[in-house]
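Structure record follows, encoded as structure tokens.
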Protein chains: 2
Amino acid sequence: MGIAERKTREKQALRERILDAARRIVMRDGFAALSMRKIADAIEYSPATLYLHFESRDEIAHALCAEGYAQLLETFVPLAAIEDPRERLHALGRAYVAFGLAHPQTYRLIFMEDPSYTSATLTGNRSDDSGDAAFQIMIDALDALRDAGRLPLPSTASVVWAEALWSILHGIVALQLTCPVFPHAAPELLVDVAFGAWFAQAGTAAKRRGNGTAKSRARPATKADTNATKKAQAKPEGTRKAASQAKATPKPVSKADSGAASGPPAQASPAVPAIRRKAARA
Amino acid sequence: MGIAERKTREKQALRERILDAARRIVMRDGFAALSMRKIADAIEYSPATLYLHFESRDEIAHALCAEGYAQLLETFVPLAAIEDPRERLHALGRAYVAFGLAHPQTYRLIFMEDPSYTSATLTGNRSDDSGDAAFQIMIDALDALRDAGRLPLPSTASVVWAEALWSILHGIVALQLTCPVFPHAAPELLVDVAFGAWFAQAGTAAKRRGNGTAKSRARPATKADTNATKKAQAKPEGTRKAASQAKATPKPVSKADSGAASGPPAQASPAVPAIRRKAARA
DNA sequence: GTCTATATGAGGATAGAC
DNA sequence: GTCTATCCTCATATAGAC
């Protein structure tokens, strides 16, 4: 049966190559620029071949989502070991935002592109039973905080609080990715401010229980999670630039070059009239 | 000069018709489904005519953004008169979220679709000098809260706080619009929880200064802003359904029928291979 | 399994006739 | 001002040869 196995292996390998190419395209140019043709070009196969491995472009997108989400989870796992639940939550928040900023295109794909992608990623993820692992980590931390008597929280409310926390994290990332021009405080600072305000009364680590103003927490913000998200930041995603200056600089992203994923640029040169977009059936 | 005036009027009228049609399409099927051809069909003109009034599809999108943002501002204005700054902030937050849920497609277009749209809407809005009026209203409320000594906030921090608040509001709306399937607390509840947590120490109106748990604030949440956003909710935006059952029901939206704007459905029937998407130039 | 070639359909934008 | 006709680009997906 060695032959069959080799064939299976080869098939798997090609599948991986497809996903690799797709991931590269998405990371460089954004999901909108992902097309079967481009993937085929990249791996030097014909477009038709892709359909032997994936049913559709959507299926590839789903696979990419699953990958990205797994990557996010990886950055969460070590943080879940932080003892102090307040610090744990804070670290998770910073890591979440850092992930979103380091992988803007992946984050967009998972959480901002299409409801079906998000749903599929969060619900039908892996062999896990319950829906969302990352989410559960946050709930656990809140429960721990409550059990320690540091947060007057009904047992049913931790889920709601976790959702509220998730909302602000997502809001920070999404806002940063979608409208980077707007005069905006550093996302890391926003996380700190938010957590400072939320858990002021749950003060624990002797930090001043003021409401986390700019100066008090601005500076050490991004220090802590640098290690945690180092792997993540090793593969930053850039923005599709004019393809001339977009050289995929291997430097760690600094939010400026990655977050501003420009969609169809308003300055589309009339000479190049090619702007496509997702459309509904008429 | 009556002739010239009439012509100007007629030109303006057609411009309005174009925008009306575009708005209808966006509200019903989402921005992705907006095409020059469809607009032209809707107003019974040729596609070429559109280009006499708008330079490109993007320009139409920008116009729609400006309209939508103005609409959002309208719902804010009366709330800015609320005396108690805490209540004012809370009301603004509820109104913001209510707007997003009542006009999912418009909200998407302004804040979630394309950075250039968001930027253009927020910065180059109207004859105003400063960038963002809605944002300023929030800052003012925070300043008032601080000036009343109810929030120990440095004068420079109110901007940051406003951005953090905006982030959570955006996060709540965006999350609701993008992944509605995820077991999620009611958005209004999330707003209340968040504001309760944020301004627990700024307690004012004799409300219990607990951290706004589920039961304490769940029920009266959406009551207050119903009037404020009545106009808004009078024109709900539905989701592009299979176009068969999508009858544009003129009932006030209840978040269920509007938020779940599904993009390219995974169950795209093979017989109808028309799924387009925005793409970058190669 | 893989490819070439092609069917099918949609879109933005423009030239040039009326 | 408006339309017809058209260009060009892009996509998904399949048929049928190798």
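Throughout, a chain's letter reflects where its sequence line sits, starting with A, and its residues are numbered from 1.
Salt-bridge check for A/E10 with A/R6: passed, with a basic side-chain N closer than 4.0 Å to an acidic carboxylate O. A salt bridge is defined here as a Lys NZ or Arg NE, NH1 or NH2 lying under 4.0 Å from an Asp or Glu carboxylate O, and A/K38 with A/D41 fails to meet this definition. Ion pairing between A/R17 and A/D20 fails under the 4.0 Å rule for side-chain N and carboxylate O.
An OP1 or OP2 oxygen of D/dA11 is reached within less than 4.0 angstrom by a side-chain nitrogen or oxygen of A/S35. A sub-4.0 Å separation between OP1 or OP2 of C/dT2 and a side-chain N or O of A/H53 is present. Note on B/T49: a side-chain N or O is less than 4.0 Å away from OP1 or OP2 of D/dC3.
Contact of the B/T106 side chain with the B/L64 side chain is not registered, since no non-hydrogen atoms from C-beta on lie closer than 4.5 Å. Within the 4.5 Å cutoff, the side chain of A/H62 has heavy atoms near those of the A/S116 side chain.
Atoms NE2 and CZ, on B/H103 and B/R108 in that order, are 15.5 Å from each other to the nearest 0.5 Å.
Comparing atom distances between the B/R57 side chain and each of C/dA15, C/dC3, C/dA13 picks out C/dA13 as nearest. Distances from the side chain of B/R37 to the nucleotides C/dG12, C/dT4, C/dT2 place C/dG12 closest. Considering only the side chain of A/L52, C/dT2 comes nearest among D/dT14, C/dG12, C/dT2. Set against C/dT2, C/dT4, D/dA11, the side chain of A/A48 has C/dT4 as its closest nucleotide. Of the candidates D/dC3, C/dG1, D/dG1, the closest approach to any side-chain atom of B/K11 belongs to D/dG1.
The separation between A/E44 atom CD and C/dT4 atom C1' is 17 Å, rounded to whole Å. The OH-P distance, from A/Y51 to C/dT4, rounds to 16 Å in whole Å. At whole-Å resolution of the value, CZ in A/R6 and C1' in C/dG1 are 12 Å apart. Atom CD1 of B/I43 and atom C1' of D/dC3 are 13 Å apart (whole Å). Protein atom CE of B/M36 is 20 Å distant from nucleotide atom P of D/dC7, rounded to whole Å. In this entry the distance linking CD1 of B/I25 with P of C/dG12 reads 10 Å, nearest Å. The distance between atom CG of B/L50 and atom P of D/dT2, rounded to the nearest whole Å, is 11 Å. In this structure, A/E10 places its CD atom 8 Å from P of C/dT2, rounding to the nearest Å.
Remark on DNA chain D: of its neighbouring residues B/K7 and A/E55, the 5'-side contact belongs to B/K7, judged by nearest-heavy-atom nucleotide.
Taking a 4.0 Å limit (strictly below) on heavy-atom distances, residues 14-21 of chain A reaches DNA chain C at A/L14.
Between the A/T118 side chain and the A/I110 main chain, a donor and an acceptor come within less than 3.5 Å of each other.
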